[in-house]
Amino acid sequence: MYDAKPEHKFTFGLWTVGHVGRDPFGEATRHKLTAHEIVHMLADVGAWGVNYHDNDLIPIDATQGETAQIKRDFRKALDDTGLVVPMATVNLFSDPSFRDGAFTSNDPKVRAYAVQKTMNAIDLGIEFGATTFVFWGGREGTETDAGKDPITAIKRSREAMNYLCEYVIDQGYDLRFALEAKPNEPRGDIYNATTGNMLAFIETLDHSDMVGVNPEVAHEQMAGLNFTHHVAQAMEADKLFHIDLNDQVPGRYDQDYRFGSVSIKSSFFLVKLLEDNGYDNPRHFDAHAYRSSNYDDVKAFARGCIRNYLILKEKAAQFNADAEIQALLTEIDAGNDTMGELVGAYSAEKAAALRAQSFDRAALGARGMPYERLDQLTIELLMGIR
Ligand code: GCO
Ligand code: MN
Ligand code: MN
């Protein structure tokens with residue numbers, strides 16, 4: 001029960017189960033695993049794939065010889081386990097050169113270096129089979145708006161994305177970009193703070209067709225927003241290329257908790273949205289275990305992410321098959337297709353007919369809406385008594 005299958009496309013980043021527990025107040029609590037060890041751990045817990053930042057795999061200062069050896073080891077681990085690499089990304093946030101951003105830095109040399117580093121990271125992703133490349137602009141922001149112009153920042157971001165799209169096309173790579181929004185942390189404020197901002201930004205790009213989003217649960221929840229609504233907007237626009245699953249108490253620091261471990265109800269609606277609408281891109285867990293965990297517990301964390309997703313998927317199927325719940329939904333939806341002659345696609349005739357229509361406001365205001373009953377049934381289903 002609740003075992004991962006390849007069709008679930010569960011993935012983890014090297015940086016997730018490989019997280020050593022370092023935080024702003026304390027040093028590492030776990031030793032660093034090699035990429036080879038992480039791949040084997042992920043295979044043990046049933047993951048389908050593994051993702052990486054360029055420098056998770058190859059340290060930023062690795063020699064050519066070291067790089068070649070790391071790639072050989074990594075390739076062997078993939079071959080031995082059958083894990084795939086569906087997504088790769090670039091670290092444009094750790095090195096001090098990026099302390100004021102990468103594509104939006106005020107320093108033109110930093111901007112150029114960021115584009116160069118990304119081209120190399122794209123090549124490294126392609127080498128292991130990635131078909132999605134994620135951009136998370138963690139340092140693309142400010143602590144004070146006195147020093148950076150936010151309009152210039154948008155233009156610089158666009159210029160970089162257009163350049164990199166052209167690079168991918170020029171190389172003939174089969175690769176799509178997925179942009180990941182976050183409101184703050186590590187910067188005081190990060191540009192394009194929500195998935196909605198990203199969706200609007202994408203439409204202004206030269207090759208918007210090859211660019212979508214990679215929303216993350218924690219990033220919308222940190223800001224107190226409804227993540228499921230943001231994901232729905234991306235899905236409706238055919239832009240949900242990838243998703244970062246984890247959990248988060250609203251209003252806190254970036255907690256990256258095990259998926260489904262905090263917000264059971266909203267995680268349920270998220271999984272239901274994805275499953276009901278045939279989401280078929282990777283289900284990536286961008287989370288890490290508690291700092292107190294040892295590596296046995298890290299494995300328990302990874303298994304927990306997968307199990308919680310699959311349990312919620314089962315609950316979504318149960319919701320869809322529950323006669324009482326479905327009867328309430330039918331009642332709520334009743335009459336939904338009866339106004340087509342007045343509204344829907346506009347025509348002058350419809351507008352005239354609509355103007356002539358009279359509405360019984362009292363009846364509209366009095367119609368039953370059994371949302372309390374429906375929600376209680378949902379809660380009881382989630383609490384396991386239905
Ligand atoms: C974070 C982000 C990152 C990105 C990763 C992929 O809050 O640190 O979620 O984990 O997802 O850099 O680009
Ligand atoms: Mn995050
Ligand atoms: Mn993320």
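Values reported hereafter were calculated over all heavy atoms of this structure, with side chains retained and with hydrogens, waters and symmetry mates removed. Not measured: the values here are computed from a predicted model. Both counts, for ligands and for their atoms, begin at 1 and track the order of listing. Count residues from 1 along the sequence.
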> Side chains of Leu245 and His284: does their closest heavy-atom pair fall under 4.5 Å?
Replying inline: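 Sidechains of His284 and Leu245: no contact.
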>> Yes or no: does Trp15 have any heavy atom under 4.0 Å from an atom of ligand 1?
In response: yes
> Is Glu185 in contact with ligand 1, taking contact as a heavy-atom separation below 4.0 Å?
Replying inline: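 Contact absent.
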Considering the heavy atoms of [X], write down every atom of ligand 1 situated less than 4.0 Å from one of them.
{"X": "Asp244", "value": "11 (O)"}
{"X": "Asp254", "value": "7 (O)"}
{"X": "His53", "value": "5 (C), 6 (C), 12 (O), 13 (O)"}
{"X": "Lys182", "value": "1 (C), 7 (O)"}
{"X": "Glu180", "value": "2 (C), 4 (C), 6 (C), 9 (O), 11 (O), 13 (O)"}

Which residue and atom name correspond to the protein heavy atom nearest [atom], and how close is it?
{"atom": "atom 3 (C) of ligand 1", "answer": "Asp286 OD2, 3.5 Å"}
{"atom": "atom 9 (O) of ligand 1", "answer": "Glu216 OE1, 2.7 Å"}
{"atom": "atom 8 (O) of ligand 1", "answer": "Trp136 CH2, 3.4 Å"}
{"atom": "atom 13 (O) of ligand 1", "answer": "Thr89 OG1, 3.1 Å"}

>> Asp375 vs Lys265, test: salt bridge (Lys or Arg N to Asp or Glu O under 4.0 Å). Steps then yes/no.
In response: CA-CA 10 Å; Asp375 188 71; Lys265 189 174 172 184; 2.9 Å; yes
Would you call [X]-[Y] a salt bridge at under 4.0 Å N-O?
{"X": "Asp247", "Y": "Arg258", "result": "no"}
{"X": "Glu127", "Y": "Lys71", "result": "yes"}
{"X": "Glu143", "Y": "Arg187", "result": "yes"}
{"X": "Asp3", "Y": "Arg307", "result": "no"}
{"X": "Lys76", "Y": "Asp80", "result": "yes"}
{"X": "Arg111", "Y": "Glu159", "result": "no"}
{"X": "Asp100", "Y": "Lys148", "result": "yes"}
{"X": "Lys350", "Y": "Glu341", "result": "no"}

>> Among residues at least two apart in sequence or on other chains, which ones pass side chain to side chain donor-acceptor pair (under 3.5 Å) with Arg283?
In response: Glu275, Tyr309
>> Below 3.5 Å, N or O to N or O, backbone or side chain included: is there any such pair between Asn214 and ligand 1?
In response: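 No; every N/O pair is 3.5 Å or more apart.
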> How far apart are the closest heavy atoms of Ile38 and Gly18, and which atoms are they?
Replying inline: CD1-CA, 3.8 Å
> How about the Mn ion (ligand 3), which protein N, O or S atoms come within less than 2.8 Å?
Replying inline: Glu180 OE2, Glu216 OE1, Asp244 OD2, Asp286 OD2
